[in-house]
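This report concerns only the one structure given below.
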There are 2 protein chains.
Amino acid sequence: MMELTRKGEYAIRGIIHLAQLPPGKVALISEIAEATGVPQTFLAKILQNFAKIGIVQSFRGAGGGFMLGRSASKITLREVVEAVEGPIVPNRCLIGSGTCERDSTCGVHPVWRCHW
Amino acid sequence: MMELTRKGEYAIRGIIHLAQLPPGKVALISEIAEATGVPQTFLAKILQNFAKIGIVQSFRGAGGGFMLGRSASKITLREVVEAVEGPIVPNRCLIGSGTCERDSTCGVHPVWRCHW
DNA sequence: TATAAAAAGACTAAACTGGTCTTATAGGTG
DNA sequence: CACCTATAAGACCAGTTTAGTCTTTTTATA
(Lines give C-alpha, C1' and ligand atoms only; values in the text may rest on other atoms or scores of the structure.)
Protein backbone atom coordinates (compact mmCIF):
# COMPACT_ATOMS: atom_id res chain seq x y z
CA MET A 1 0.00 0.00 0.00
CA MET A 2 1.76 3.10 -1.15
CA GLU A 3 -0.16 5.16 1.36
CA LEU A 4 0.55 7.51 4.18
CA THR A 5 0.56 5.87 7.56
CA ARG A 6 -1.72 7.21 10.27
CA LYS A 7 1.31 9.05 11.58
CA GLY A 8 1.78 10.86 8.28
CA GLU A 9 -1.86 11.80 8.07
CA TYR A 10 -1.89 12.99 11.68
CA ALA A 11 1.26 15.03 11.16
CA ILE A 12 -0.32 16.89 8.27
CA ARG A 13 -3.47 17.60 10.21
CA GLY A 14 -1.48 18.91 13.14
CA ILE A 15 0.70 21.17 11.04
CA ILE A 16 -2.29 22.54 9.16
CA HIS A 17 -4.04 23.30 12.40
CA LEU A 18 -0.99 25.21 13.60
CA ALA A 19 -0.72 27.01 10.28
CA GLN A 20 -4.22 28.38 10.63
CA LEU A 21 -3.56 29.96 14.00
CA PRO A 22 -2.79 33.67 14.27
CA PRO A 23 0.99 34.09 14.11
CA GLY A 24 2.72 33.87 17.47
CA LYS A 25 -0.10 32.02 19.14
CA VAL A 26 0.77 28.75 20.86
CA ALA A 27 -1.71 25.90 20.94
CA LEU A 28 -2.11 23.27 23.62
CA ILE A 29 -1.54 19.72 22.48
CA SER A 30 -4.94 18.88 23.95
CA GLU A 31 -6.54 21.52 21.77
CA ILE A 32 -4.79 20.41 18.59
CA ALA A 33 -5.57 16.78 19.28
CA GLU A 34 -9.22 17.51 19.77
CA ALA A 35 -9.55 19.69 16.71
CA THR A 36 -7.81 17.20 14.44
CA GLY A 37 -9.28 14.02 15.89
CA VAL A 38 -5.89 12.53 16.70
CA PRO A 39 -5.04 10.64 19.91
CA GLN A 40 -3.34 13.21 22.09
CA THR A 41 -0.30 11.28 23.24
CA PHE A 42 0.37 10.05 19.74
CA LEU A 43 0.17 13.53 18.28
CA ALA A 44 2.42 14.79 21.06
CA LYS A 45 5.13 12.36 19.94
CA ILE A 46 4.86 13.56 16.39
CA LEU A 47 5.06 17.22 17.30
CA GLN A 48 7.90 16.63 19.73
CA ASN A 49 9.83 15.16 16.85
CA PHE A 50 8.98 18.11 14.69
CA ALA A 51 10.27 20.39 17.44
CA LYS A 52 13.65 18.65 17.27
CA ILE A 53 14.02 19.35 13.57
CA GLY A 54 12.61 22.85 13.77
CA ILE A 55 9.33 22.45 11.91
CA VAL A 56 7.53 23.45 15.09
CA GLN A 57 8.55 25.22 18.25
CA SER A 58 7.48 23.95 21.65
CA PHE A 59 7.15 25.69 24.98
CA ARG A 60 7.02 23.82 28.26
CA GLY A 61 5.32 24.72 31.45
CA ALA A 62 2.31 26.84 32.13
CA GLY A 63 1.26 28.81 29.10
CA GLY A 64 3.23 26.42 26.92
CA GLY A 65 2.23 24.55 23.81
CA PHE A 66 3.17 24.35 20.15
CA MET A 67 3.48 26.77 17.26
CA LEU A 68 5.09 26.55 13.83
CA GLY A 69 8.85 26.84 13.85
CA ARG A 70 8.81 29.12 10.83
CA SER A 71 6.23 30.71 8.60
CA ALA A 72 3.80 28.29 7.00
CA SER A 73 4.88 29.35 3.52
CA LYS A 74 8.35 27.98 4.24
CA ILE A 75 7.11 24.55 5.27
CA THR A 76 6.38 22.08 2.49
CA LEU A 77 4.00 19.17 2.60
CA ARG A 78 6.81 16.97 1.38
CA GLU A 79 9.01 18.05 4.26
CA VAL A 80 6.31 17.17 6.75
CA VAL A 81 5.64 13.81 5.16
CA GLU A 82 9.29 12.88 4.81
CA ALA A 83 9.92 13.85 8.43
CA VAL A 84 7.54 11.14 9.60
CA GLU A 85 7.62 8.58 6.81
CA GLY A 86 11.22 8.75 5.71
CA PRO A 87 12.44 9.73 2.26
CA ILE A 88 9.94 9.56 -0.57
CA VAL A 89 11.78 7.35 -2.97
CA PRO A 90 10.30 4.42 -4.86
CA ASN A 91 13.12 2.02 -4.27
CA ARG A 92 15.76 1.46 -1.66
CA CYS A 93 18.41 1.09 -4.32
CA LEU A 94 18.05 4.79 -5.12
CA ILE A 95 18.81 6.05 -1.64
CA GLY A 96 22.55 6.04 -2.15
CA SER A 97 25.03 4.29 -4.39
CA GLY A 98 26.53 1.27 -2.70
CA THR A 99 23.36 0.40 -0.80
CA CYS A 100 22.35 -2.25 -3.31
CA GLU A 101 24.66 -5.09 -4.18
CA ARG A 102 22.95 -5.60 -7.54
CA ASP A 103 23.80 -2.07 -8.58
CA SER A 104 26.26 -2.97 -11.29
CA THR A 105 24.33 -5.85 -12.84
CA CYS A 106 20.64 -5.03 -12.40
CA GLY A 107 18.95 -3.68 -15.49
CA VAL A 108 16.26 -2.00 -13.43
CA HIS A 109 18.56 0.39 -11.61
CA PRO A 110 19.36 2.78 -14.46
CA VAL A 111 15.68 3.01 -15.30
CA TRP A 112 14.72 4.07 -11.78
CA ARG A 113 17.60 6.46 -11.62
CA CYS A 114 16.70 8.07 -14.90
CA HIS A 115 13.07 8.60 -14.03
CA TRP A 116 13.71 9.86 -10.54
CA MET B 1 8.84 4.65 4.24
CA MET B 2 7.20 5.44 0.95
CA GLU B 3 9.13 2.65 -0.69
CA LEU B 4 8.43 -0.44 -2.64
CA THR B 5 8.36 -3.56 -0.52
CA ARG B 6 10.65 -6.42 -1.41
CA LYS B 7 7.67 -7.99 -3.10
CA GLY B 8 7.26 -4.99 -5.38
CA GLU B 9 10.91 -4.94 -6.24
CA TYR B 10 10.96 -8.68 -6.89
CA ALA B 11 7.87 -8.44 -9.06
CA ILE B 12 9.51 -5.86 -11.27
CA ARG B 13 12.67 -7.90 -11.60
CA GLY B 14 10.70 -10.97 -12.55
CA ILE B 15 8.60 -9.20 -15.15
CA ILE B 16 11.64 -7.55 -16.69
CA HIS B 17 13.37 -10.88 -16.91
CA LEU B 18 10.39 -12.33 -18.74
CA ALA B 19 10.18 -9.30 -21.00
CA GLN B 20 13.71 -9.84 -22.19
CA LEU B 21 13.08 -13.40 -23.29
CA PRO B 22 12.43 -14.22 -26.94
CA PRO B 23 8.65 -14.10 -27.49
CA GLY B 24 6.88 -17.38 -26.85
CA LYS B 25 9.64 -18.80 -24.70
CA VAL B 26 8.65 -20.05 -21.25
CA ALA B 27 11.05 -19.71 -18.34
CA LEU B 28 11.37 -21.97 -15.33
CA ILE B 29 10.73 -20.32 -12.01
CA SER B 30 14.09 -21.66 -10.87
CA GLU B 31 15.78 -19.91 -13.77
CA ILE B 32 14.02 -16.59 -13.17
CA ALA B 33 14.71 -16.74 -9.46
CA GLU B 34 18.38 -17.35 -10.01
CA ALA B 35 18.78 -14.63 -12.60
CA THR B 36 17.00 -12.03 -10.51
CA GLY B 37 18.36 -12.99 -7.12
CA VAL B 38 14.94 -13.58 -5.62
CA PRO B 39 14.02 -16.48 -3.30
CA GLN B 40 12.37 -19.00 -5.58
CA THR B 41 9.27 -19.87 -3.58
CA PHE B 42 8.59 -16.22 -2.89
CA LEU B 43 8.88 -15.28 -6.54
CA ALA B 44 6.63 -18.20 -7.42
CA LYS B 45 3.86 -16.72 -5.27
CA ILE B 46 4.20 -13.38 -6.97
CA LEU B 47 4.10 -14.81 -10.47
CA GLN B 48 1.22 -17.11 -9.60
CA ASN B 49 -0.73 -14.05 -8.64
CA PHE B 50 0.22 -12.34 -11.84
CA ALA B 51 -1.02 -15.38 -13.73
CA LYS B 52 -4.43 -14.94 -12.13
CA ILE B 53 -4.77 -11.38 -13.35
CA GLY B 54 -3.27 -12.09 -16.74
CA ILE B 55 -0.01 -10.20 -16.53
CA VAL B 56 1.80 -13.50 -17.03
CA GLN B 57 0.80 -16.87 -18.37
CA SER B 58 1.83 -20.05 -16.59
CA PHE B 59 2.17 -23.62 -17.80
CA ARG B 60 2.22 -26.58 -15.48
CA GLY B 61 3.94 -29.87 -15.81
CA ALA B 62 7.04 -30.86 -17.68
CA GLY B 63 8.14 -28.17 -20.10
CA GLY B 64 6.10 -25.66 -18.13
CA GLY B 65 7.07 -22.31 -16.72
CA PHE B 66 6.14 -18.68 -17.09
CA MET B 67 5.93 -16.15 -19.89
CA LEU B 68 4.33 -12.72 -20.20
CA GLY B 69 0.57 -12.75 -20.58
CA ARG B 70 0.71 -10.09 -23.29
CA SER B 71 3.35 -8.12 -25.09
CA ALA B 72 5.72 -6.20 -22.85
CA SER B 73 4.70 -2.92 -24.45
CA LYS B 74 1.20 -3.41 -23.10
CA ILE B 75 2.33 -3.93 -19.50
CA THR B 76 3.02 -0.83 -17.45
CA LEU B 77 5.32 -0.53 -14.48
CA ARG B 78 2.47 1.01 -12.56
CA GLU B 79 0.26 -1.99 -13.27
CA VAL B 80 2.92 -4.35 -11.96
CA VAL B 81 3.50 -2.29 -8.85
CA GLU B 82 -0.17 -1.80 -8.08
CA ALA B 83 -0.80 -5.51 -8.53
CA VAL B 84 1.49 -6.29 -5.62
CA GLU B 85 1.36 -3.16 -3.48
CA GLY B 86 -2.22 -2.07 -3.93
CA PRO B 87 -3.38 1.21 -5.41
CA ILE B 88 -0.84 4.03 -5.55
CA VAL B 89 -2.67 6.74 -3.69
CA PRO B 90 -1.17 9.00 -1.03
CA ASN B 91 -4.03 8.87 1.40
CA ARG B 92 -6.76 6.44 2.30
CA CYS B 93 -9.33 9.19 2.22
CA LEU B 94 -8.90 9.42 -1.55
CA ILE B 95 -9.77 5.79 -2.26
CA GLY B 96 -13.48 6.41 -2.39
CA SER B 97 -15.90 8.93 -0.99
CA GLY B 98 -17.45 7.76 2.23
CA THR B 99 -14.33 5.92 3.40
CA CYS B 100 -13.27 8.77 5.66
CA GLU B 101 -15.56 10.11 8.34
CA ARG B 102 -13.79 13.47 8.37
CA ASP B 103 -14.60 14.01 4.72
CA SER B 104 -17.00 16.88 5.21
CA THR B 105 -15.05 18.76 7.86
CA CYS B 106 -11.38 18.14 7.13
CA GLY B 107 -9.60 20.97 5.36
CA VAL B 108 -6.97 18.62 4.00
CA HIS B 109 -9.29 16.51 1.88
CA PRO B 110 -10.04 18.98 -0.91
CA VAL B 111 -6.33 19.70 -1.25
CA TRP B 112 -5.46 16.04 -1.74
CA ARG B 113 -8.33 15.57 -4.12
CA CYS B 114 -7.36 18.56 -6.20
CA HIS B 115 -3.74 17.55 -6.56
CA TRP B 116 -4.46 13.91 -7.32
C1' DT C 1 3.37 -44.61 -15.22
C1' DA C 2 7.04 -41.71 -13.86
C1' DT C 3 8.57 -37.27 -13.76
C1' DA C 4 8.62 -32.32 -14.16
C1' DA C 5 6.72 -28.33 -13.06
C1' DA C 6 3.43 -24.85 -11.15
C1' DA C 7 -0.60 -24.15 -7.50
C1' DA C 8 -2.23 -23.88 -3.05
C1' DG C 9 -2.14 -23.33 1.58
C1' DA C 10 -0.31 -23.65 6.27
C1' DC C 11 3.12 -21.81 9.00
C1' DT C 12 6.81 -18.57 10.98
C1' DA C 13 10.16 -14.87 12.77
C1' DA C 14 10.94 -10.26 12.65
C1' DA C 15 9.67 -5.68 11.89
C1' DC C 16 6.41 -2.04 11.79
C1' DT C 17 2.08 0.39 13.16
C1' DG C 18 -0.57 2.72 16.15
C1' DG C 19 -1.01 3.45 19.94
C1' DT C 20 -0.91 3.79 25.89
C1' DC C 21 1.22 4.70 30.34
C1' DT C 22 4.48 6.45 33.54
C1' DT C 23 7.90 9.40 34.97
C1' DA C 24 10.77 13.43 34.39
C1' DT C 25 11.61 18.13 33.41
C1' DA C 26 10.78 23.00 32.54
C1' DG C 27 8.30 27.24 33.10
C1' DG C 28 4.73 30.36 35.38
C1' DT C 29 2.16 32.07 39.43
C1' DG C 30 1.02 33.30 44.13
C1' DC D 1 9.66 28.49 47.67
C1' DA D 2 5.71 25.62 46.60
C1' DC D 3 2.58 24.37 43.43
C1' DC D 4 0.50 23.89 39.16
C1' DT D 5 0.60 23.44 34.17
C1' DA D 6 2.54 21.73 30.18
C1' DT D 7 5.75 19.36 27.17
C1' DA D 8 9.71 15.57 26.95
C1' DA D 9 11.25 11.12 27.18
C1' DG D 10 11.04 6.48 27.26
C1' DA D 11 9.15 1.96 28.35
C1' DC D 12 5.67 -0.94 26.92
C1' DC D 13 2.12 -3.48 24.07
C1' DA D 14 -1.36 -5.75 20.81
C1' DG D 15 -2.20 -6.32 16.21
C1' DT D 16 -0.79 -6.29 11.42
C1' DT D 17 2.33 -6.69 7.71
C1' DT D 18 6.50 -8.39 5.56
C1' DA D 19 9.26 -11.70 3.78
C1' DG D 20 9.73 -15.59 3.66
C1' DT D 21 9.72 -21.41 4.23
C1' DC D 22 7.67 -25.95 3.91
C1' DT D 23 4.50 -29.41 2.50
C1' DT D 24 1.05 -31.20 -0.26
C1' DT D 25 -1.61 -31.17 -4.47
C1' DT D 26 -2.57 -30.76 -9.21
C1' DT D 27 -1.46 -30.75 -14.04
C1' DA D 28 1.06 -31.79 -18.19
C1' DT D 29 4.54 -34.31 -20.78
C1' DA D 30 7.33 -38.20 -22.26
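Chain letters run A, B, ... following the sequence lines, proteins first and then strands; every chain starts at 1. None of the values given here were measured: they were computed from a predicted structure.
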Flag side-chain contact, heavy atom, 4.5 Å: His17(B) against Glu31(B): yes
Minimum side-chain heavy-atom gap Trp112(A)-Leu77(B) below 4.5 Å: yes
Quickly work out the [X] [atom1] to [N] [atom2] distance and round it to whole Å.
X        : N       : atom1 : atom2 : value
Met67(B) : dA6(C)  : CE    : P     : 14 Å
Leu47(A) : dT7(D)  : CG    : P     : 9 Å
Glu3(A)  : dC16(C) : CD    : P     : 18 Å
Leu43(B) : dA19(D) : CG    : P     : 14 Å
Leu4(B)  : dT17(D) : CG    : C1'   : 16 Å
Lys7(B)  : dT17(D) : NZ    : P     : 11 Å
Glu85(B) : dT18(D) : CD    : P     : 8 Å
Glu9(A)  : dT17(C) : CD    : P     : 15 Å

Out of curiosity, [X] [atom1] to [Y] [atom2], how far, rounded to the nearest 0.5 Å?
X        : Y        : atom1 : atom2 : answer
Glu9(A)  : Glu85(A) : CD    : CD    : 10.0 Å
Leu68(A) : Lys25(A) : CG    : NZ    : 13.5 Å
Ile15(B) : Phe66(B) : CD1   : CZ    : 10.0 Å

Shared hydrophobic cluster, Val84(B) / Val89(A) (ILVMFWY, side-chain heavy atoms < 4.5 Å):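 Yes; tracing contacts between hydrophobic side chains, which count when under 4.5 Å, links both residues.
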Verify same cluster id: Ile88(B), Ile12(B) (apolar side-chain graph, 4.5 Å):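 Linked within one cluster.
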Which residues share a side-chain hydrogen bond (donor to acceptor under 3.5 Å, both in side chains) with Arg70(A), sequence neighbours left out: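 Per chain and number, Arg70(A) pairs via side-chain hydrogen bond (donor to acceptor under 3.5 Å, both in side chains) with Glu79(A).
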N/O (side chain, Ser58(B)) to phosphate O (OP1/OP2, dA5(C)) under 4.0 Å: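 No, because none of the side-chain N or O atoms of Ser58(B) sits under 4.0 Å from OP1 or OP2 of dA5(C).
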Members sharing Met67(A)'s hydrophobic cluster (side chains within less than 4.5 Å): Val26(A), Phe59(A)
DNA chain C contacts among residues 28-36 of chain B, heavy-atom distance under 4.0 Å: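 By residue number: Leu28(B), Ile29(B).
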Residues within residues 48-57 of chain B bordering DNA chain C, heavy-atom distance below 4.0 Å: Gln48(B), Lys52(B)
Audit row: Ile16(B), Arg13(B), side chain to side chain contact (heavy atoms under 4.5 Å, CB included) steps and yes/no: CA-CA 5 Å; Ile16(B) 288 190; Arg13(B) 286 193 209 162; 6.0 Å; no
Nucleic acid footprint by protein, nucleotides 20-30 of chain D - heavy-atom cut-off 4.0 Å, B for base, S for sugar-phosphate alone: BB----BBBS-
Without placing hydrogens or testing angles, list every side-chain donor-acceptor pair under 3.5 Å for residues 33-53 of chain A, not counting sequence neighbours.
residue	atom	partner	partner atom	Å
Thr36(A)	OG1	Ile32(A)	O	2.7
Thr36(A)	OG1	Ala33(A)	O	3.4

